Amino acid sequence: MKRRKIFCCWEGWVGLVALLIGLGLTAFSIWYLTDTVFKDYDYIRIEAMVVDIAEVRVNRPGEVTKTRYAEVVEYKVDGVTYTAQNNSASTAPKKVGSKITVAYNPKNPAECFFPSSNYSVVVLVFVLSAGFTAAGGVCLSIEAKERKMKKILAKIPNAEFITSAASKEQFIESEKPIIAVCGKSNVGKSSFINMVTNRKKLAKVSKDPGRTRLVNYFDCGKFILADLPGYGYASVSKQEKLKWANLIETFFAEKRADHVFALCDIRHDPTADDRQMIEYLYYNVIPFTVIATKADKLSKSAIARQVQSIAAVYKCGSGNIIATSALNRQGLDKVLERIESILNIEQ
């Protein structure tokens with residue numbers, strides 16, 4: 001039987017330790033306040049006079065005898081003089097004749113204690129506890145996201161390259177649903193396919209846009225991904241661009257796609273080519289989902305604004321736009337959920 005790991009990444013252990021330290025410091029702060037500040041609630045503070053300095057020898061088993069100093073003080077309540085000794089002192093004592101504050105019980109004036117003046121330590125401990133607790137929470141959230149991502153990736157079947165097609169005669173027919181991936185040459189189609197299939201090099205990522213010149217098919221178990229040639233950017237001849245455009249148009253005309261992932265760069269407004277592609281899909285009644293790539297380059301608020309802007313340009317609902325990033329796998333869970341719904345519809 002395979003042993004289950006408590007945490008799947010080191011952030012989980014760091015988060016647990018930081019959280020325990022934070023909770024420990026918080027408990028210490030509460031105890032310290034209860035034993036000092038809150039203890040003053042039923043006691044009355046009064047100024048006392050240091051009349052003597054006593055030596056207190058501390059004997060503990062297995063330790064060297066230590067000498068501590070304690071102030072012996074006198075204070076008066078209703079004309080009666082009381083004496084007390086500050087055995088909690090561990091530093092150099094105050095001089096004889098100096099003043100020190102004591103807190104006595106009004107019901108029994110002989111009962112008193114010496115309030116601590118180290119309240120700044122409590123503030124420091126509270127700050128540290130908050131810092132450790134926050135750090136622990138962040139690390140544990142990273143652990144939770146990583147565990148969730150591993151569960152998501154576990155659902156992805158092994159994907160394999162099938163073939164490339166340069167003409168409609170080479171287009172494949174399959175009983176499996178075919179999901180086409182289209183977009184500009186530099187929009188990140190290969191990176192998106194590698195993210196969805198959890199394969200780093202299934203689709204070749206090139207620094208030079210326009211490397212995909214054929215329709216490349218990938219078997220993903222329950223469905224097939226068809227990577228279409230990019231458009232609108234590659235530095236090639238007009239004849240070559242026309243050839244790619246005809247290949248894409250023929251692909252859709254032959255009804256070879258059950259659904260289309262239309263990619264666009266979320267950092268910019270859709271180009272004229274992007275809008276033309278969406279209009280073509282609308283005109284031919286081809287179901288599609290807009291994939292807004294490179295979302296890691298923007299903040300969450302900027303992503304929300306751009307999604308609304310793209311939805312307005314494409315005249316579709318913002319729910320039909322998924323912001324993704326191949327760098328940190330943002331949006332992968334939503335893409336897989338969309339694929340699952342596509343498969344259910346096709347079935």
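Every heavy atom of this structure was used, including side-chain atoms; hydrogens, water molecules and symmetry mates were not. Being a predicted model, the structure only gives us computed values, none of them experimental.
Atom CD1 of Ile162 is separated from atom CD1 of Ile224 by 4.0 Å, given to the nearest 0.5 angstrom.
Val215 places none of its side-chain heavy atoms less than 4.5 Å from the side chain of Arg256. Two residues are said to be in side-chain contact when any heavy atoms from C-beta on lie closer than 4.5 Å; Phe171 and Leu247 meet this criterion. Using a 4.5 Å heavy-atom threshold, the side chains of Asp265 and Lys184 count as separate.
Listed by chain and number, the residues in a side chain to side chain donor-acceptor pair (under 3.5 Å) with Ser164 are Asn216 (sequence neighbours excluded).
Partner of Leu25 under the side-chain contact (heavy atoms from CB on, under 4.5 Å) criterion, out of Val125, Thr133, Val127: Val125 alone.
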Show me, pair by pair, the donor-acceptor contacts under 3.5 angstrom made by side chains of residues 97-109, not counting sequence neighbours?
residue, atom, partner, partner atom, Å
Ser98, OG, Lys95, O, 2.5
Asn105, OD1, Lys107, N, 3.0
Asn105, ND2, Glu111, OE1, 3.4

Identify each donor-acceptor pair in which a side-chain atom of residues 280-288 lies under 3.5 Å from a protein atom, sequence neighbours left out, and give them as a table.
residue, atom, partner, partner atom, Å
Tyr282, OH, Tyr314, O, 3.1
Tyr282, OH, Lys315, O, 2.9
Asn284, ND2, Tyr280, O, 2.9

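The neighbour count for Asn328 CG, taken as heavy atoms of other residues, nucleotides or ligands under 6.0 Å away, is above 12.
A donor atom on one side chain and an acceptor atom on the other are not found under 3.5 Å apart for Ser191 and Asn194.
Ion pair Lys189/Asp227 flagged as a salt bridge, since at least one NZ, NE, NH1 or NH2 atom sits closer than 4.0 Å to an Asp/Glu carboxylate oxygen.
In terms of heavy atoms, Val260 sits closest to Phe252 at CG2-CE2, 3.5 Å. Annotation for Thr324 and Ile291: closest pair OG1-CG2, 3.5 Å, computed over non-hydrogen atoms.
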